[in-house]
Amino acid sequence: MEDVVVVGAGPTGLWLAAELRLGGASVTVLEARPERDPHSKALTIHPRTLEIFDCRGVAEAFLAEGLRIPNGHFAGLPDRLDFSVLDTPYPFTLALLQARTEELLEARAEALGATIRRGCEVAGISSAGVELANGSEVEARYVVGCDGVHSTVRTSAGIEFPGTDATTWGWLGDVVLDAPPTRGIASTAGETGSLMIVPLPGGIHRLVGGDPATNQPRWPGELTLAELRATVWKIAGTDFGMRDPIWLSRFGDATRQATTYRSANVLLAGDAAHMHFPTGGVGMNVGLQDAHNLGWKLAAVATGRADETLLDTYHEERHPVGADLLEHTRAQTALITAYSRNGQALRAVLSGLIATAPDLSRELAERLSGLHVAYRTGRRVPNLEFPDGSTLFERLRLGKSVPVEAGVVRPDGHLA
């Protein structure tokens, strides 16, 4: 019997598996897909996530491959948030394909001794652990659902997932552009819609945006290249020579949050716990940070080093973070889809405030970056330097608590 079964081998599940192994717990990760999804929903790694990677000694692998972007956007407004003012060793976002992020996270989990089984569809929770679709069981003392917005674990555990259905739809296309923007990354927004273009490896560009035609609760149907071309032309006055689509997709603003992140020996993390419109590229990051909070706690309980009541603090600390995430993505969605003349005026005013009100810009940047998150004892402890030349992030790499002048820093970087 394993200490923990993690359902879902996305970024959240893989990081959780590594954290559990670092804390001495045995863990098996079950993934329904036989192979990793080649399509990368997420591209952005935010500063706090890079700090987390540094606290485990793996940041360099991501930094070596990712594209550093010194700012971020709030609701796609023209004036961007300056990340250089943030109190972090990583004052930038990092653009890296989710598929590659998963490869790096999986390598770490396996190096630490986690078992990862693909092609294993979970049908539900059983008295001994989880039951697979083929009728067999995988026994475990704890089950963690990292299996996305349609979580089988959450449903099987009877955890409610209240919220709102989609009222608007965005679209995404990974395509070849024969005439891409000269500056690489480009964005535009107006009454005809919004569009952001980001270069990807292999000569591909990602086009993501929305338009008034999809600002409705009804599902618009599968996206076609012809529709994408016509919509982009309407917004930008050109289709940038798009051809050879690799991936075309739509996504809605359905917004939901699990009522509890823990029910007895079942826990939820990432998209299984919270669902929202993908504004600002924060979703994967919040999932990784869920796992970082849960991993050391669950490992300590599973190995007998802590009482089960420690697991209650996971919900107490991370549920408010999820609620804040939903509030901010709702606000950004309202601004992104404000296609009317009045809406465009509102966007212009707020964009101007970002450019001229440093305190506002910094507050939004801290929220977007994940550095604003505070638990009962406050925000995460910054990367302190010690007399021997070492830093806090270096000392946290063993996954153990570190004494500092202000108290004891937990394995996840917050004061105990």
Side-chain angles (χ1 to χ4, degrees), residues 1-33 52 56 102 105-132 136-148 151-159 258 260-273 287-319 398-400 410-412:
M1 175 182 288
E2 294 280 36
D3 290 325
V4 184
V5 160
V6 174
V7 182
T12 300
L14 293 170
W15 188 250
L16 177 60
E19 287 294 286
L20 289 166
R21 287 299 303 137
L22 189 64
S26 61
V27 56
T28 290
V29 180
L30 303 176
E31 170 56 48
R33 290 190 180 98
I52 285 172
R56 297 298 184 260
E102 289 183 7
L105 296 179
E106 184 170 334
R108 173 170 172 77
E110 289 185 325
L112 288 170
T115 299
I116 299 172
R117 295 174 55 187
R118 296 187 179 275
C120 295
E121 181 181 353
V122 172
I125 299 168
S126 69
S127 58
V130 298
E131 181 180 349
L132 301 184
S136 64
E137 282 190 327
V138 179
E139 296 185 350
R141 295 165 56 206
Y142 297 92
V143 177
V144 186
C146 300
D147 50 342
S151 173
T152 298
V153 172
R154 185 189 64 239
T155 302
S156 183
I159 298 174
T260 181
Y261 285 14
R262 182 197 179 198
S263 177
N265 66 333
V266 177
L267 301 107
L268 303 174
D271 290 348
L288 287 166
Q289 291 157 31
D290 286 345
H292 200 63
N293 181 286
L294 176 60
W296 69 274
K297 295 175 180 178
L298 184 52
V301 172
T303 57
R305 292 179 285 114
D307 187 85
E308 281 224 358
T309 55
L310 180 61
L311 294 180
D312 292 331
T313 68
Y314 170 60
H315 171 87
E316 291 167 3
E317 292 180 343
R318 294 304 297 177
H319 193 274
L398 297 177
K400 299 179 180 179
R410 312 183 319 191
D412 64 354

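Atoms OG and CD1, from S263 and I125 in turn, are 8.0 Å apart once rounded to the nearest 0.5 Å. Distance CZ/R56 to CG/L398: 9.0 Å, rounded to 0.5 Å. The line from CZ of R262 to CG of L268 is 12.0 Å long, rounded to the nearest 0.5 Å.
When side chains are defined from C-beta on, V122 counts as touching L132, because their heavy atoms get closer than 4.5 Å. Counting heavy atoms from C-beta on, the side chains of V6 and V27 come closer than 4.5 Å. Side-chain contact check for V144 versus L298: some heavy-atom pair is nearer than 4.5 Å. Contact check for L16 versus V29: no side-chain heavy atoms found under the 4.5 Å cut-off. E110 places a side-chain heavy atom less than 4.5 Å from the side chain of I116. A 4.5 Å side-chain heavy-atom check between L22 and R108 finds at least one atom pair inside the cut-off.
Heavy atoms of other residues, nucleotides or ligands lying less than 6.0 angstrom from CZ of R118 number more than 12. Heavy-atom neighbours of E121 CD from other residues, nucleotides or ligands within 6.0 Å: at or below the threshold of 12.
The residues R410 and E317 are annotated as salt-bridged, a charged nitrogen and a carboxylate oxygen being separated by less than 4.0 angstrom.
Between Y261 and H315, the ring planes are perpendicular. Angles over 60° get that label, and only those under 30° would be called parallel.
The two residues R154 and S151 make their nearest non-hydrogen contact at N-OG, 2.9 Å.
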